[in-house]
> 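Have a look at the structure that comes next, please.
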Amino acid sequence: MATIGVFDSGVGGLSILDEALKQLPLHHYIYLADSANAPYGEKSASWIANRSLHMCRYLVEHGCDAIVVACNTATAEAIAQIRAELQIPVIGVEPGIKPAAMQSQNGVVGVLATEATLNSDKFNSLLATLPSQCRFIKQAGAGLVPLIENGEIESPAMRTLLQTHLQGIVQAQADTLVLGCTHYPFLKNHIRELIGASITIVDTSDAVVRQLGRQLEQHGLANEAGIMSLNLLSTANGDTLQAMAERLLQTPLSHRSINNQSLMI
Ligand code: DGL
């Protein structure tokens, strides 16, 4: 059994943890939310890189055998440094613009992500490798993460904000929408209502967890035996994180020992 660290700026990475608990249930998970500092998406590249590295070092010091950087923003700004420093498998998350370009029929793809992700070199280098006939309508989801962190997932404020952010993508007649932030899958129902049934929504959680599974195999960490447990660590409030996890995770947690902690790191 492996100890797997899952890190995000806040509760967004729970969308990746949910998929991990589905596909790879028999491991020990440590979920680390830097909710005291969310959102990352409007901070500077160097701040995001330093803080993400600090959070991942903490996970290694606390026994993680593998880490999922379950945050597109942290992956964009810090994954190279994290991989260079840490000796364990590190899996990142990127907006699924490549599968979206392949799936799109009309060549118009919307990308909803944080400002930092959309401005990052990593994202723009990936974009440059894709066919030029595909048009990407990039939209920064300013304000969405703070509302989600606040538990306002179905609030009228969320609906108004989403409507504003999705307007340009709908007007451009995109037939595919990439959710380029791990917080956004929790808005799927809302987004679906606003964009209609015909637009394909691309979210990469499934692919990320399959990659985690392959890495565990390759590093001899795939053995699934032991006591399943989930530690929920938050730099804000551990109880709030646990309440959000119980609300947002679809995977039953009944066979798992769960505890939470508020951290000052
Ligand atoms: N969940 C994050 C992402 O995937 C970060 C959002 C934020 O903190 O701005 O980008």
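Order of listing sets the numbers, starting from 1, for every ligand and every atom in it. In this text the structure is predicted, and so the values were computed from the model without any measurement. Atom set for the values below is all heavy atoms of this structure, side chains included, hydrogens, waters and symmetry mates excluded.
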> Could you tell me whether the side chains of Glu149 and Ser35 share a donor-acceptor contact shorter than 3.5 Å?
yes
> Quick check against the 3.5 Å criterion: does Ser15 have a side-chain atom that pairs as donor or acceptor with the backbone of Gly12?
yes
> Check this for me: does any side-chain nitrogen of one of Glu94 and Lys122 sit under 4.0 Å from a carboxylate oxygen of the other?
yes
> Hey, could you give me each pair passing salt bridge (Lys or Arg N to Asp or Glu O under 4.0 Å) that has a residue in residues 29-47? Not counting sequence neighbours.
Asp34-Arg51
> What does the 4.0 Å heavy-atom contact list look like for ligand 1?
Asp8, Ser9, Pro39, Tyr40, Gly41, Cys71, Asn72, Thr73, Thr114, Val145, Cys181, Thr182, His183
> Go through the structure and list residues passing side chain to side chain donor-acceptor pair (under 3.5 Å) with Asn119, not counting sequence neighbours.
none
> With ring-ring contact (aromatic ring centres under 6.0 Å, His included) as the rule and sequence neighbours excluded, what pairs involving residues 42-97 come up?
Tyr40-Trp47, Tyr58-His62
